[in-house]
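Shown next, in structure tokens, is the structure this report addresses.
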There are 2 protein chains.
Amino acid sequence: MATRTTQILEAAARLIARRGVRGLRVEELATEAGVSTGLIYYHFKDRTGILRHTLEFINDRAERYTTGRAADAEPLAPRAELEEILLLELQDTPEVRENSAAWGELRASAVFDQVLREDLARATLVWGQEVAALLGHVQPMAPAPALAAAGERLTALLEGLSMRWLSGGLDLGHARDLTRGAIDAELARLQGK
Amino acid sequence: MATRTTQILEAAARLIARRGVRGLRVEELATEAGVSTGLIYYHFKDRTGILRHTLEFINDRAERYTTGRAADAEPLAPRAELEEILLLELQDTPEVRENSAAWGELRASAVFDQVLREDLARATLVWGQEVAALLGHVQPMAPAPALAAAGERLTALLEGLSMRWLSGGLDLGHARDLTRGAIDAELARLQGK
DNA sequence: GTCTATATAAGGATAGAC
DNA sequence: GTCTATCCTTATATAGAC
């Protein structure tokens, strides 16, 4: 299953996590993937093509590990499930690091590049809604708009914490504690209203 | 007071807000500033020098508008002051846009560039502590660690919201509402404990 | 499909005149 | 201090053999 193109995409993901989207050099990618630059252009047309496919590839992987709860596992309590989903983004594994780094790059690039915005906005929306739905399981009486806002805040916070973690200013364990605290805070607010 | 070097730095700030740190071209900067590339190298040595000085310049400006409350203005209630400080970062003025964009670029660059991390960590820490202190005025009975955590969360959230705003996925008014809601949530949590 | 070799362009940086 | 002209390196991209 490790076809040549996925081999290149995996290398690209590693390299983007290491050097950033804008630090990706095609020749370096060729070396990392163990192929020639010519082959890369043959498969992906140009630099932009590499980037597009890699980000797509990364997005697919992220969905897999976000959704990836074994079918035979016992179902979690709503609050625990919410926590688990959010904390999945704060793990020190190569896969999560790569995905988070790539996501941060995508976000940062979109500030200056119109083209990336649409995908990003869609993915952001979906993610916020997922979290809002989970919050709704914990607090079934809370009004929908309040849940939606809390979902947006928790996901935005997670992006902020991820960036601080990846940029070296925040210890992972602390980031996870802060995330749990944010869940508490949002639930306290939903209850108080 | 508009010396040649500040003229160049102002142009650089504009350009970074438009193209990003990594999209900054020295020749484009020369055009934007209305000078020659030679002059830029004369003053700033090399591309890195331009970047360093520009980020410093931008940081100084940010402190001015964060601290910039007229001495004759009536003092605000603690909660209002907290809100004001946070919302200063979410305004649609060229200055705030430039500063936020530059800050986001700095953060994103630091993921891949060791050199920038130290400054960033220090500034982040100070900011979080300021917010924690303001929270302490609102909730004098809250324990210090809880205040510190809330300060970290609010500032991290603000970074996340800023990026969403700048990357086009989030309306400014909504970002401000979400910020107010986050303050409510944190205060609710501090009270509940 | 894959490689080697190379064309072409972009951007950073310097020299030297004024 | 400032400009013009130019060099040199780095990267993207293509051509053509296998």
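Side chains are part of it too, since the values below use all heavy atoms of this structure and drop only hydrogens, waters and symmetry mates. Numbered from 1 within each chain, the chains take letters A, B, ... in sequence-line order.
- Whole-Å rounding puts the Arg4(A) CZ to dC3(C) C1' distance at 12 Å.
- Across all strands shown, Leu24(B) has heavy atoms under 4.0 Å from sugar-phosphate atoms exclusively, and none from any base.
- Atom CD1 of Ile40(A) and atom C1' of dT12(D) are 12 Å apart (whole Å).
- Following rounding to the nearest Å, Glu28(A) (CD) and dT10(D) (P) show an atom-to-atom distance of 13 Å.
- Distance Leu51(A) CG to dA11(D) P: 15 Å, rounded to the nearest Å.
- Of the candidates dT2(C), dC3(D), dT12(D), dC3(D) carries the atom nearest the Ser36(B) side chain, counting heavy atoms from C-beta on.
- Look at Glu28(A) and Arg19(A) and you find a salt bridge, because one of the NZ, NE, NH1 or NH2 atoms lies within 4.0 Å of a carboxylate O, short of that distance.
- In this structure, His43(A) places its NE2 atom 6 Å from P of dG1(C), rounding to the nearest Å.
- Atoms CD (Glu27(A)) and C1' (dA5(C)) sit 12 Å apart, rounded to a whole Å.
- Separating the CG atom of Leu39(A) from the P atom of dA5(C) is a distance of 16 Å, rounded to the nearest angstrom.
- Regarding Tyr42(A), its OH atom lies at a distance of 5 Å from the P atom of dG1(C), rounded to whole Å.
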Begin from the C-alpha positions of Glu152(B) and Arg164(A) and carry the test salt bridge (charged side-chain N to carboxylate O under 4.0 Å, His left out) through to its verdict.
CA-CA 10 Å; Glu152(B) 289 186 85; Arg164(A) 288 187 182 188; 5.2 Å; no
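- For Arg25(A), taking side-chain heavy atoms from C-beta onward, the closest of the listed nucleotides dT2(C), dA11(D), dT2(D) is dA11(D).
- Summarising the geometry of Gly151(B) relative to Val131(B), their closest heavy-atom pair is CA-CG1, 4.0 Å, with the distance given to 0.1 Å.
- The shortest heavy-atom contact between Arg107(A) and Leu120(A) is NH1-CD2, 3.5 Å.
- Here Leu125(B) pairs with Gln129(B) under the side-chain contact (heavy atoms from CB on, under 4.5 Å) rule; sequence neighbours left out.
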Using a 4.0 Å cut-off on protein heavy atoms (strictly under), produce a 5'-to-3' string for nucleotides 13-18 of chain C with B for base contact, S for backbone-only sugar-phosphate contact, and - for none.
BB----
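- Here the side chains of Asp46(A) and Ile50(A) are not in contact, with every heavy-atom distance at 4.5 Å or above.
- We find that Arg79(B) and Glu83(B) are joined by a salt bridge, their nearest charged nitrogen and carboxylate oxygen being less than 4.0 Å apart.
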